[in-house]
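Keep in mind it's a predicted model, so treat the numbers as computed, not measured. Whatever order the structure lists ligands and atoms in, that order sets their numbers, starting from 1.
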Amino acid sequence: MPSTVLVGAQWGDEGKGKITDLIARDYDYVVRYQGGNNAGHTVIHGDKKLALHLMPSGVMYKDCVPVIGNGVVIDPGVLIKEMAMLQAEGISCENLKISCDAHIIMPYHKDFDGADEKRLGENKIGTTKRGIGPCYQDKVARKGIRVQDLLDEKIFRLKVQTALSQKNPILEKIYGLHTYTVEEICDEYLPYARILKPFMAETAQLLNEAVRNGKSILFEGAQGTLLDIDHGTYPYVTSSSCCAGGAATGTGVGPKAIDRVLGIQKAYVTRVGEGPFPTELSFPEDGGTGQDAIDGELLCSAGHEFGVTTGRKRRCGWFDAVIGRYAAEVNGLTDVALTKLDVLSEFDTIKVCVAYECDGKTYDYFPMQQSVLFHAKPVYVELPGWKGIDITGCRTYDELPENTCKYVEYLEEVTGVTMSIVSVGPDRDQTIMRSW
Ligand code: IMP
């Protein structure tokens, strides 16, 4: 199996979990390269659905090594709980490897995340409040605490003390929040160190050796292209490099070792949190009216569009080919897995946004200025649907209704990328492998 980056091509929640779960068994290593427990996806285990936030999906397969790369930020309490949950379900975590260079989410990171959002008021980002942004902030400012610091109690204490000398005054004086003592934090974190120590590894070396030995790696992206710190809708983004390039920096494996970049695109688009979303169909509670509000509600209910991590209702809209083309470029997509196609079986006709209009100008590419994206009016092409035909039982492309195939092929035409996998339902077997 060629080493592959699996990357969200929209604003996250594209159905990466199902596709990773489906293909992970074909790889020797499955590696998370960015983000933290802001991510969340469900994997199917027997007749149960399990929610994973930090653990790479490879954990579900005993011959696969799950790796948490250096680009990830780790909340150790959350990771330990997740390991316990998996073990209680009979899933062994003994193969797990955790990069010693990954940064640790500290309690004050979570406090700052919540307090910053409150301070921003109307301009908030809509974060998951898991401390992700503040942890990456410390990493870039060279003030972070890493997994390897847990290995030496003296160093850990010293780093916590240094951090608190800066964090406590801000917590207290700027935000009016409680402060921490070194003891308090050590009491919580040092026991984590004892549990996690056996899993800590030099993961870059391990993965490069795997590449030399002809092993295959699946780089499991979290969030999505439009939430990438550099290529997303900044500042309404997460704080890491979600795009395919992040797979190299977030693991220490050079880009030449990557053979394939599989983008995951939903047959429509959703986003959680704030920020521009040109094809959004506003819900009635957000001021939406008419057919658009009806279509938005229908996408949300038929697609079960509620966050795994936060339970929030996701904003919904039609497929956006401008974004599709942009994602293809910034990630160097080789092919795409199109997910949740069955959700569109509810509609008489289906719209696809092929360009934006703003101030009398047409944009068929991702606009340079964010304000254009905020005010962009989508230019739609309306395609006939396949309403009432249940496609969830289709297992080959030929079995799909003619209009469904036309929709898929139209998306290929307007995004310029082949759709090698088409998903027609939540279960593993509800998948059409066209050219995998
Ligand atoms: P943060 O990652 O918690 O800092 O949140 C920043 C932005 O990314 C917010 O708009 C979140 O809703 C969004 N976000 C973070 N993780 C995910 C995810 O897994 N799926 C979709 N959106 C996400």
Side-chain angles (χ1 to χ4, degrees), residues 6-20 32-43 51-57 71-75 78 82 103 105-106 108-120 122-140 220-243 246 250 263-266 268-277 280 300 303-317 323 327 339-340 370 373-374:
L6 184 144
V7 62
Q10 296 163 341
W11 275 286
D13 307 315
E14 300 91 348
K16 291 184 293 296
K18 167 176 165 172
I19 305 298
T20 317
R32 276 281 306 269
Y33 60 85
Q34 46 71 229
N37 61 312
N38 48 348
H41 63 247
T42 41
V43 289
L52 299 183
H53 297 282
L54 261 170
M55 188 66 81
S57 306
V72 174
V73 288
I74 301 174
D75 186 328
V78 171
E82 201 161 301
H103 281 244
I105 297 180
M106 304 298 286
Y108 45 80
H109 289 141
K110 290 178 258 188
D111 296 337
F112 286 132
D113 201 352
D116 259 336
E117 284 284 273
K118 214 160 144 193
R119 185 182 57 86
L120 286 168
E122 265 191 5
N123 298 322
K124 71 179 191 303
I125 293 165
T127 75
T128 58
K129 300 188 184 154
R130 303 295 197 264
I132 307 293
C135 184
Y136 278 114
Q137 239 172 294
D138 276 355
K139 171 178 176 172
V140 174
E220 183 182 2
Q223 290 86 45
T225 302
L226 277 302
L227 289 172
D228 181 283
I229 185 74
D230 286 284
H231 303 292
T233 46
Y234 189 92
Y236 302 100
V237 292
T238 190
S239 299
S240 63
S241 298
C242 315
C243 283
I264 314 296
Q265 274 176 347
K266 197 142 58 176
Y268 50 98
V269 181
T270 61
R271 111 166 265 180
V272 289
E274 307 302 316
F277 179 1
E280 179 172 19
C300 183
H304 307 290
E305 294 298 350
F306 298 89
V308 176
T309 300
T310 58
R312 288 183 289 185
K313 195 170 171 180
R314 297 179 184 136
R315 299 156 67 193
C316 295
I323 282 172
T339 62
K340 297 186 109 167
Q370 176 103 316
L373 210 59
F374 266 108

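A donor-acceptor contact closer than 3.5 angstrom links the side chains of Asp138 and His109. Of the N and O atoms on the side chains of His41 and Ser57, at least one donor lies less than 3.5 Å from an acceptor on the other residue.
Residues satisfying the side-chain hydrogen bond (donor to acceptor under 3.5 Å, both in side chains) test with Asp228, not counting sequence neighbours, are none. Evaluation of the side-chain hydrogen bond (donor to acceptor under 3.5 Å, both in side chains) rule for Lys129 yields no partner, not counting sequence neighbours.
Within 6.0 Å of atom CZ in Phe374, more than 12 heavy atoms from other residues, nucleotides or ligands are found, so the atom counts as buried in its surroundings.
Residue pairs meeting the salt bridge (charged side-chain N to carboxylate O under 4.0 Å, His left out) criterion with at least one partner in residues 306-316, sequence neighbours excluded, are Asp13-Arg314, Glu280-Arg315, Glu285-Lys313, Glu297-Lys313, Glu305-Arg314.
For a heavy-atom separation below 4.0 Å, the residues in contact with ligand 1 are Trp11, Asp13, Asn38, Ala39, Ile125, Gly126, Thr127, Thr128, Gln223, Leu227, Val237, Thr238, Val272, Gly273, Arg312.
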